[in-house]
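Just the heavy atoms: all of them, side chains too, but no hydrogens, waters or symmetry mates, feed the values below. Note that ligands are numbered from 1 as they come in the structure, with each ligand's atoms numbered from 1 the same way. Every value quoted in this text rests on a predicted model; they were computed, and no experiment measured them.
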Amino acid sequence: MVSSLESSIGTERKLVTELPGPKSRALHERRKGSVSAGLTNGFPIYIERASGAILQDVDGNQILDLGSGIAVTTIGHAVPELIDAVSAQVAAFTHTCFMVTPYESYIEVCEELAALTPGTHAKTSALFNSGAEAVENAVKIARLATGRQAIIVFDHAYHGRTNLTMALTSKNMPYKDRFGPFAGEVYRVPMSYPFHDGLNGPDAAARAINMIETQVGAGNVAALLIEPIQGEGGFIVPADGFLTALSEWTTKNGVVFIADEIQSGFCRSGDWFAVNHEGVIPDIVTTAKGLAGGMPLAGVTGRAELMNAVHEGGLGGTYGGNPVAAVAALASIRTMRDRNLVARAREIGDQLLKDLTSLQQDVAIIGDVRGRGAMIAFELVQPGTKNPNAAAAKSIVSYCNSNGVIALSCGTYGNVIRLLPPLVITDEQLADGFAVLASAVRSAG
Ligand SMILES: *Cc1c(COP(=O)(O)O)cnc(C)c1O
């Protein structure tokens with residue numbers, strides 16, 4: 001059954017209607033009657049099935065996926081090993097609540113998280129449903145373990161949409177506008193953003209640390225929370241030495257260093273975690289997105305003495321670490337290992353950086369090309385300046401969509417195009433996607 005599904009989809013981008021097609025347009029009209037207008041769809045084609053890097057819509061179009069549902073389907077769509085694991089678990093049992101009657105797969109996921117996250121110290125984990133929930137719990141744990149309250153976050157940061165994580169997130173529109181009041185004791189400092197600030201890593205860290213020490217006071221800080229490569233904020237890769245200097249400062253000052261690896265983790269950056277590129281060892285790591293192949297699962301993994309400082313019953317949630325999601329995570333991690341997706345992410349990144357850098361020579365609107373592994377982006381500018389060009393980003397995304405390629409924008413100014421292909425994408429598919437993207441950029445420029 002699995003193989004017939006795969007063969008019925010095929011591996012090529014193929015359009016049989018205009019996009020969105022008539023069935024998608026009808027569904028999109030129908031959603032108005034029952035789905036909140038507060039939720040938008042980047043590309044309103046309605047999906048029926050998927051395989052590898054290809055999505056098939058209700059009109060029979062085959063779309064090339066360069067977004068992975070925002071860095072979630074890292075191992076690709078309809079991976080047989082994941083289908084088998086999830087199907088067997090659904091048949092066995094779907095829920096007991098780990099806080100009531102536990103099951104082995106929860107422990108196995110926590111063992112994998114301890115083994116894969118950086119550092120050889122004793123670690124324990126707790127599992128949740130979403131990235132925002134993981135970040136909230138990481139903050140709860142850091143506050144309890146340190147007895148302090150202040151949380152340091154960065155410009156352009158994205159940590160979620162719940163009340164606390166809105167406060168931690170930087171960008172107002174659309175995430176925060178009129179949704180306040182927000183949680184307190186959150187302090188924002190400048191990120192290292194080499195394209196715009198020109199600072200080396202240690203200098204950018206000194207700028208942030210000076211602000212923390214003068215405006216908050218090191219002794220009041222429970223945690224410093226950072227995405228090692230910012231995701232929604234624009235795929236901003238900090239200058240070398242920035243994370244190391246911040247990590248050293250947190251260690252010296254009894255501050256918990258929380259790496260939010262929800263987007264950058266699990267092979268995406270060309271390593272298991274993006275902090276590995278600098279050899280930084282966080283006190284706590286939050287994971288979600290790529291962890292469970294599309295099933296909702298998130299983790300908080302940290303030093304045992306921090307994680308175990310919490311009183312009995314202090315952590316939990318009805319669905320957290322759901323058994324179906326847990327076996328999906330185990331199957332995803334196995335797939336990542338078996339197919340060496342860390343190495344594949346690097347190959348994809350090398351190819352994309354090479355292609356984009358050469359495209360940059362031909363057009364005036366690409367200001368910066370950056371990223372690591374299969375987490376690559378380019379920043380669009382007004383020609384001859386570093387001023388944001390969101391109109392170009394919009395036009396590129398829309399050109400790609402009309403031609404059956406999913407590309408996502410991001411950035412505080414909406415002027416960054418990010419590429420997050422499933423790591424099982426073939427060289428032919430990647431070349432095909434890049435060709436569409438390159439024509440999109442040329443026509444926008
Ligand atoms: C997506 C994301 C989150 C929030 O995850 P949800 O599952 O959407 O709640 C938090 N942090 C980072 C870095 C993310 O990319």
Side-chain angles (χ1 to χ4, degrees), residues 38-42 67-74 117 126-140 142 151-171 174-176 179 182-183 186 188 191 223-238 243 257-269 272-275 280 282 284-302 317 319-322 325 328-329 332 371-377 408-412 416 418-420:
L39 285 144
T40 54
N41 309 106
S68 301
I70 317 187
V72 170
T73 52
T74 301
T117 53
L127 304 181
F128 301 96
N129 304 294
S130 69
E133 207 187 347
V135 171
E136 290 236 357
N137 278 279
V139 168
K140 280 164 66 171
I151 306 297
I152 305 298
V153 290
F154 289 81
D155 285 337
H156 313 288
Y158 182 84
H159 298 292
R161 293 173 179 265
T162 57
N163 185 265
L164 174 60
T165 58
M166 275 193 292
L168 301 169
T169 288
S170 171
K171 188 174 175 176
Y175 307 124
K176 303 167 73 164
F179 288 139
F182 301 112
V186 173
R188 193 170 308 285
M191 177 68 179
L224 179 146
L225 167 64
I226 189 163
E227 300 157 84
I229 299 176
Q230 288 183 324
E232 306 303 300
F235 277 31
I236 301 165
V237 185
L243 295 172
F257 186 103
I258 306 174
D260 181 348
E261 292 262 11
I262 287 168
Q263 192 153 160
S264 55
F266 283 97
C267 303
R268 181 50 64 185
S269 73
W272 281 96
F273 294 95
V275 285
V280 164
I284 293 179
V285 179
T286 56
T287 52
K289 293 197 166 93
L291 167 61
M295 296 300 290
L297 188 72
V300 179
T301 303
Y319 295 111
N322 170 275
S332 296
R372 279 204 171 109
M375 188 171 182
I376 300 293
L408 305 172
S409 61
C410 63
T412 296
V416 178
R418 58 174 152 172
L419 302 172
L420 291 161

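The nearest non-hydrogen atom to atom 11 (N) of ligand 1, considering only Asp260, Thr169, Val135, comes from Asp260.
Atom 8 (O) of ligand 1 lies below 4.0 Å from none of the non-hydrogen atoms of the protein.
Within the 4.0 Å heavy-atom cutoff, Gly231 does not count among the residues contacting ligand 1.
Atom CE of Met375 and atom CZ of Phe235 lie 4.0 Å apart (nearest 0.5 Å).
Regarding atom 5 (O) of ligand 1, its nearest protein heavy-atom neighbour is Gly131 CA, 3.2 Å. Nearest non-hydrogen protein atom to atom 14 (C) of ligand 1 is Lys289 NZ, 2.9 Å. Of all protein heavy atoms, the one lying nearest to atom 4 (C) of ligand 1 is Ala132 N, 3.7 Å.
Side-chain atoms of Thr286 and Asp260 form a donor-acceptor pair, as typed in the model, at a separation below 3.5 Å.
Here the side chains of Met191 and Gln230 are in contact, with some heavy-atom distance below 4.5 Å. Within the 4.5 Å cutoff, the side chain of Gln263 has heavy atoms near those of the Glu232 side chain. Using a 4.5 Å heavy-atom threshold, the side chains of Asn322 and Pro296 count as separate. In this structure, the side chains of Tyr158 and Ser170 stay at 4.5 Å or more apart for every pair of heavy atoms.
Those atoms of ligand 1 that come under 4.0 Å of a heavy atom in Ser130, given as number and element, are 7 (O), 9 (O). Those atoms of ligand 1 that come under 4.0 Å of a heavy atom in Glu227, given as number and element, are 13 (C).
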Phe128/Tyr319 under ring pair (Phe, Tyr, Trp, His ring centres under 6.0 Å): CA gap, chis, key distance, verdict: CA-CA 7 Å; Phe128 301 96; Tyr319 295 111; over 10 Å; no
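Of the N or O atoms in Glu232, none lie within a sub-3.5 Å distance of an N or O in ligand 1.
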